[in-house]
Amino acid sequence: MTFAPELMMLPLVLSLALSAPPDPLAFTVIGTTESAPTGKLRAVSLTLGAEVATTGGSQTVPRLVALRKPNTALPPFPTGAHIITAVGDRVPGKVTGGDAKALYFTHATTDESWSIALDAVAAVWLKPPAADTPSDPAKYTWLAGTPTRDALLYRNGDTVRGTLTGFTATGVKFTPDGGAARDVPLADLAAIGFNPRFVRPRRPKGPYAGLVLTDGTRLNVNEVALKGNALVCKAACGPAIEVPLTKLVALNVFQGPAVYLSDLKPKKAETVGFLGDGWAWAADRTVRGNPLFLQSGEGEETFDKGLGTHPKTVLTYDLAGKYGRFEAVVGLDAVTGKRGLADVRIRVDGKEVPLPELKALAAGNAIPVKVDVRGAKELALVIDFGPAGDVQADVNWGTARLVEQPATALGQ
């Protein structure tokens with residue numbers, strides 16, 4: 001028996017298609033409608049939406065909620081030298097100097113120098129922080145104290161508190177409590193913490209976006225446009241930058257058509273411990289104060305937005321009929337929940353949503369959920385004990401958000 005040459009080529013063609021790497025310029029576009037097209041970006045605007053070229057033609061998503069690169073895990077926060085700003089930016093790179101009003105900083109992936117106002121910076125790491133360092137500068141033990149002060153963490157582990165009055169080309173001008181002003185070389189320091197009383201978050205008034213880059217960068221920007229194969233952005237902390245699409249993993253729109261549960265106060269929050277006091281739920285971190293880690297088919301992911309919970313917890317939110325859907329990625333924490341089990345349920349206006357995959361939630365890949373809440377008045381998240389009680393049952397809700405109804409559903 002013989003086969004036509006074109007048929008003999010089919011296995012090779014299929015093999016090449018299955019092994020071909022994903023298009024680095026392709027993104028899934030999430031808006032208020034159910035459709036989430038994937039294709040090459042052709043235009044993007046925080047207010048006008050995004051357009052992608054798909055295999056079926058060009059598609060426009062008018063009310064942008066998020067962009068996500070397919071088959072790519074959300075990377076961990078930067079672990080080397082980096083800065084943390086008052087609005088939560090985490091940018092790897094090197095401090096190159098400064099003056100009395102700003103520090104100069106070079107991002108790890110560019111040669112351009114940024115000028116960032118000192119009162120927009122929460123902390124500067126000049127060397128990689130220890131593995132057990134909290135993600136939130138407010139939790140740094142070496143920065144804490146009464147009254148609040150700026151603080152220098154030396155490479156030998158010593159801490160000096162006082163007042164930082166500016167940067168020089170090679171160091172900082174610092175007056176320690178009870179001491180004389182001096183210049184301290186950056187080479188002697190591991191980190192600098194800024195007095196929280198004088199750190200001023202500058203969140204944009206309208207829609208803005210949180211970018212996640214392949215190197216772990218988290219950057220808030222209030223202007224976004226597509227220029228060739230790069231995003232042209234204006235960072236909330238000051239500088240104008242270009243981000244190659246090959247380095248972009250995700251873009252989430254804030255103060256737009258979606259609201260994140262971590263930015264809302266529950267109407268009611270109940271916690272009950274298995275053998276004692278319950279665990280307090282946490283916004284944008286786990287109940288243990290760690291980043292929100294979840295396992296997926298792409299590997300371990302680090303979510304910027306979401307909720308950290310532990311059995312037994314019931315969180316109830318007032319919806320007032322304003323939203324179209326609730327969506328999240330739900331799973332046991334990839335680090336502290338490897339042997340846990342939990343019973344997780346979602347209720348809308350008191351009625352349980354049929355999600356059997358959550359009722360015996362175990363370690364493994366997190367489960368994406370999308371729940372219709374059109375016209376609903378109330379959403380409840382229930383995290384209950386599993387067969388082993390609450391052992392290693394830290395349940396994380398990555399990107400937990402309420403998305404507004406499409407304009408057509410609102411009669412607009």
Side-chain angles (χ1 to χ4, degrees), residues 74 259-303 305-319 323 325-374 376-403:
L74 294 168
V259 61
Y260 291 79
L261 292 192
S262 57
D263 296 329
L264 296 177
K265 183 179 180 180
K267 180 172 69 173
K268 189 176 182 181
E270 306 168 81
T271 58
V272 178
F274 187 67
L275 294 175
D277 294 335
W279 290 72
W281 67 278
D284 299 333
R285 63 183 187 275
T286 71
V287 293
R288 302 173 194 271
N290 300 322
L292 292 164
F293 297 129
L294 286 171
Q295 191 70 29
S296 76
E298 284 71 49
E300 187 176 291
E301 303 202 58
T302 303
F303 287 80
K305 301 294 291 180
L307 301 175
T309 61
H310 190 91
K312 180 178 180 178
T313 300
V314 181
L315 300 176
T316 305
Y317 294 88
D318 187 4
L319 304 186
Y323 303 101
R325 70 176 186 269
F326 166 70
E327 58 190 20
V329 182
V330 188
L332 291 170
D333 188 273
V335 176
T336 63
K338 293 182 178 180
R339 297 182 180 179
L341 289 170
D343 178 1
V344 178
R345 285 161 283 161
I346 298 175
R347 295 173 182 156
V348 177
D349 286 343
K351 296 181 180 179
E352 187 171 319
V353 179
L355 295 168
E357 61 271 30
L358 296 184
K359 286 194 173 183
L361 192 63
N365 289 347
I367 298 169
V369 297
K370 188 180 293 186
V371 176
D372 188 338
V373 296
R374 285 174 294 180
K377 294 180 173 60
E378 188 176 274
L379 171 74
L381 310 180
V382 182
I383 304 90
D384 210 340
F385 304 114
D390 67 344
V391 176
Q392 294 197 20
D394 295 343
V395 177
N396 296 337
W397 301 72
T399 318
R401 60 191 171 205
L402 292 160
V403 180

Is there a side-chain contact between [X] and [Y] (heavy atoms, below 4.5 Å)?
{"X": "L261", "Y": "W281", "answer": "no"}
{"X": "T286", "Y": "F293", "answer": "no"}
{"X": "P266", "Y": "T316", "answer": "no"}
{"X": "D372", "Y": "R325", "answer": "no"}
{"X": "L315", "Y": "W397", "answer": "no"}

> Which heavy atom of A283 sits nearest a heavy atom of S262, and at what distance?
Replying inline: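 Closest approach of A283 to S262: CB-O, 3.6 Å.
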> Is there a donor-acceptor pair under 3.5 Å between the side chain of D349 and the backbone N or O of A376?
Replying inline: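 No, the answer is negative, given that no donor and acceptor are paired below the 3.5 Å cut-off.
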> So, the side chain of Q392 versus the backbone of R339: is there a donor-acceptor pair under 3.5 Å, distance only?
Replying inline: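 It does hold such a pair.
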Name the atoms and distances for all side-chain donor-acceptor pairs under 3.5 Å in residues 328-338, with sequence neighbours left out.
residue, atom, partner, partner atom, Å
D333, OD1, V335, N, 2.8
D333, OD1, T336, N, 2.9
D333, OD1, T336, OG1, 3.3
D333, OD2, N396, ND2, 2.7
T336, OG1, D394, OD2, 2.7

>> Looking at K305 and D284, is there a salt bridge between them, counting it only when a charged N and a carboxylate O are closer than 4.0 Å?
In response: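 A salt bridge links D284 with K305.
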> Of V314, L307, T309, which meets side-chain contact (heavy atoms from CB on, under 4.5 Å) against L381?
Replying inline: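 The single option meeting the side-chain contact (heavy atoms from CB on, under 4.5 Å) with L381 is L307.
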> With H310, which of V287, V395, T271 fulfils side-chain contact (heavy atoms from CB on, under 4.5 Å)?
Replying inline: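 By the side-chain contact (heavy atoms from CB on, under 4.5 Å) criterion, H310 pairs with just one of V287, V395, T271: V287.
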